[in-house]
Amino acid sequence: RRLLWWVVGISLALTWLPYFGIFNAPVLIVGLPQPLALTMACNVVLTLCVLAIYPLYFKPMIRALDRQPLLDEKGGVKGR
């Protein structure tokens, strides 16, 4: 899980580098300007990370809420 979050953080940081003049050369990569190619590649990686994060975190949370809902049968918050 830590590796996944590190990949997310690094990908997000890489998307900001062209704003600071890094990876901002007038070079074409596969027919795209370098900053656009970098950002699109990072977006692909981030999309894959989201697909991996969903079953790791949200599916167990939904199962736990099904077992023990936050609302009682009247629609009020439990514990009040």
Side-chain angles (χ1 to χ4, degrees):
R1 290 185 180 190
R2 285 187 183 191
L3 176 64
L4 183 65
W5 286 108
W6 272 101
V7 170
V8 168
I10 290 170
S11 294
L12 288 173
L14 283 174
T15 60
W16 281 90
L17 288 180
Y19 292 112
F20 300 113
I22 303 169
F23 292 118
N24 202 12
V27 176
L28 292 179
I29 300 174
V30 192
L32 297 171
Q34 187 181 30
L36 180 61
L38 175 70
T39 303
M40 289 178 70
C42 289
N43 283 339
V44 168
V45 170
L46 288 169
T47 300
L48 294 174
C49 288
V50 166
L51 293 174
I53 287 172
Y54 177 75
L56 285 176
Y57 290 96
F58 293 106
K59 281 190 177 180
M61 181 182 70
I62 290 169
R63 275 190 239 117
L65 286 173
D66 285 341
R67 282 192 303 265
Q68 186 177 13
L70 297 175
L71 301 176
D72 59 12
E73 53 276 346
K74 295 179 186 174
V77 177
K78 282 189 172 184
R80 286 190 181 185

Check: Ser11 side chain, Val8 main-chain N or O, donor-acceptor pair, under 3.5 Å: no

Is Leu12 reachable from Tyr54 through a run of hydrophobic residues whose side-chain heavy atoms are each under 4.5 Å from the next? yes

In this structure, CG of Asn43 is separated from CG of Leu38 (nearest 0.5 Å) by 9.5 Å

Using the rule that two of Ile, Leu, Val, Met, Phe, Trp, Tyr join whenever any of their side-chain heavy atoms come within less than 4.5 Å, decide whether Leu46 and Leu56 are in one cluster. yes

Rounded distance (nearest 0.5 Å) linking atom CD1 of Ile29 with atom CE of Met40: 12.0 Å

Starting from Phe58, can I reach Trp5 by hopping between I/L/V/M/F/W/Y residues whose side chains sit under 4.5 Å apart? yes

Hydrophobic clusters here meaning ILVMFWY residues chained together by side-chain heavy-atom distances under 4.5 Å, can you tell me if Phe23 and Val30 are in one? no

Heavy-atom closest pair (Thr15 atom, Pro18 atom, distance to 0.1 Å) is O-CD, 3.6 Å

Measure across Pro33 and Leu28 and return the closest heavy-atom pair with its distance rounded to 0.1 Å. N-CD2, 3.7 Å

Kindly compute the distance separating CG (Leu36) from OG1 (Thr39), expressed to the nearest 0.5 Å. 6.5 Å

Within one Ile-Leu-Val-Met-Phe-Trp-Tyr cluster: Leu65 and Ile62, side-chain cutoff 4.5 Å: yes

Gln34 side chain vs Ala25 backbone, donor-acceptor pair below 3.5 Å: yes

